[in-house]
Amino acid sequence: MINEDLPIQEKYYKTCESLQNYVENYAKYTNELTNAINLSNKVRIKSINHLKDSPSPNEIELVCNDIAQVNMNEYSVIKENSDLIFENLTKIINIGFYFTKLYSEPILKEEKEDIYNSINALIGFKKSIIQNQENLNNNIKVMTNLKVPNDFVTNSFNDLIEINKKRNKKYSEILDSLNKLEIEFKKI
């Protein structure tokens, strides 16, 4: 975090720099994850539709291997990016709390306005978090209801379901923090 011995304005500007970095990182990792999931979904849908065409046993095995491979790749990307997404989101929210304290410092009116707008924008993250949770719940539901005649595929879906449930739990924690930030924000 920022050195508390710095002058107030310098603390403010350094905090803004950090915030910008965390927001850029959050966007980068979120985009990487979204792109990977979208690609996985396309391949999975195509493969599952192919299974509906009553292919030969050899084709079924190949298609199932493809689905399982896509699932494992998606699992790896989720595992790799999720921690980074939540780490940056947590840092962003912590800066929001820091800004609520900084707001009461004797700084320029213009900076107070920026701080106020920044905190308000951070609280706006709630919409995208709620949307992410809805998407996750839908994905979990779809994966739970999929019946593929292959244990390897079923296990890979179960792994995806579990990691997505963990992501959902983290999103709930983030929402809880954003709600607390909103309460603090209303006090300034």
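Values below: all heavy atoms of this structure, side chains included; hydrogens, waters and symmetry mates excluded.
- Distance check: Y29 OH to D83 CG gives 11.5 Å after rounding to the nearest 0.5 Å.
- Placement of V43 and V153 in two distinct hydrophobic clusters is found when ILVMFWY residues are connected by side-chain heavy-atom separations under 4.5 Å, directly or transitively.
- Placement of L160 and F152 in two distinct hydrophobic clusters is found when ILVMFWY residues are connected by side-chain heavy-atom separations under 4.5 Å, directly or transitively.
- To the nearest 0.5 Å, atom CG of residue N158 and atom CD1 of residue I163 are 13.5 Å apart.
- A heavy-atom distance below 4.5 Å is not found between the side chains of Y22 and L89.
- Cluster annotation: Y75 and V70 are assigned to distinct hydrophobic clusters (Ile/Leu/Val/Met/Phe/Trp/Tyr, side-chain heavy-atom contacts under 4.5 Å, transitive).
- Here the closest non-hydrogen pair linking E32 and V77 is O-CG1, 4.4 Å.
- Within the 4.5 Å cutoff, side-chain heavy atoms of F97 are placed close to those of K180.
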Assess the residue pair I130 and E134 against the criterion (side chain to side chain contact (heavy atoms under 4.5 Å, CB included)); give the C-alpha distance rounded to whole Å, side-chain angles, the decisive distance to 0.1 Å, and a yes or no.
CA-CA 6 Å; I130 290 167; E134 285 174 12; 3.8 Å; yes
Given N179 and I183, is the side chain to side chain contact (heavy atoms under 4.5 Å, CB included) satisfied, shown in steps?
CA-CA 6 Å; N179 287 332; I183 290 165; 5.5 Å; no
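- Side-chain atoms of V63 and I67, non-hydrogen and from C-beta on, do get closer than 4.5 Å to each other.
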Before giving the answer on side chain to side chain contact (heavy atoms under 4.5 Å, CB included), spell out for K126 and E182 the whole-Å C-alpha distance, their side-chain angles and the decisive distance to 0.1 Å.
CA-CA 10 Å; K126 279 171 61 171; E182 192 169 17; 2.6 Å; yes
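- Between Y116 and F99, the ring centre distance reaches or exceeds 6.0 Å.
- Between atom OH of residue Y171 and atom OG of residue S128 there is a gap of 7.5 Å, rounded to the nearest 0.5 Å.
- Rounding to the nearest 0.5 angstrom, the gap separating the CG atom in N73 from the CD1 atom in I37 is 12.5 Å.
- With values rounded to the nearest 0.5 angstrom, I92 atom CD1 is found 11.5 Å from S118 atom OG.
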Side chain to side chain contact (heavy atoms under 4.5 Å, CB included) between Y98 and K11, intermediate numbers included:
CA-CA 10 Å; Y98 183 69; K11 280 196 281 191; 3.2 Å; yes
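- No side-chain heavy atom of Q131 sits under 4.5 Å from any side-chain heavy atom of K127.
- In the hydrophobic clustering of ILVMFWY residues, with side-chain heavy atoms under 4.5 Å counting as a link, L102 and I123 come out together.
- Cluster membership for Y103 and Y13, using ILVMFWY side-chain heavy atoms within less than 4.5 angstrom, is shared.
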Give the C-alpha distance, both sets of side-chain angles, the deciding distance and a yes or no for salt bridge (Lys or Arg N to Asp or Glu O under 4.0 Å) between K166 and E162.
CA-CA 6 Å; K166 287 177 185 168; E162 282 312 304; over 6 Å; no
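- The closest donor-acceptor contact from the side chain of D176 to the backbone of S172 lies at 3.5 Å or more, if one exists at all.
- Nearest heavy atom pair, residue A68 against residue S156, reads CA-OG, 3.7 Å.
- Counting heavy atoms from C-beta on, the side chains of S177 and T90 never come closer than 4.5 Å.
- Proximity of a side-chain donor or acceptor of N168 to a complementary backbone N or O of N164 within less than 3.5 Å is not detected.
- Ion pairing of E74 with R44 is present here, as a side-chain N (NZ or NE/NH1/NH2) and a carboxylate O approach within less than 4.0 Å.
- Here the OG atom belonging to S104 is positioned 9.0 Å from the CD1 atom belonging to I188, to the nearest 0.5 angstrom.
- No side-chain heavy atom of K46 sits under 4.5 Å from any side-chain heavy atom of H50.
- For the pair I119/T100, a side-chain contact is recorded, criterion being any heavy-atom separation below 4.5 Å from C-beta on.
- With contacts defined as side-chain heavy-atom distances shorter than 4.5 Å, the pair E173/F86 does not qualify.
- Salt bridge annotation for K187-E184: present, with a cationic side-chain nitrogen under 4.0 angstrom from a carboxylate oxygen.
- When all heavy atoms of I93 and L181 are compared, the closest pair comes out as O-CD2, 4.5 Å.
- Across all their heavy atoms, G96 and L122 have their closest contact at CA-CD1, 3.5 Å.
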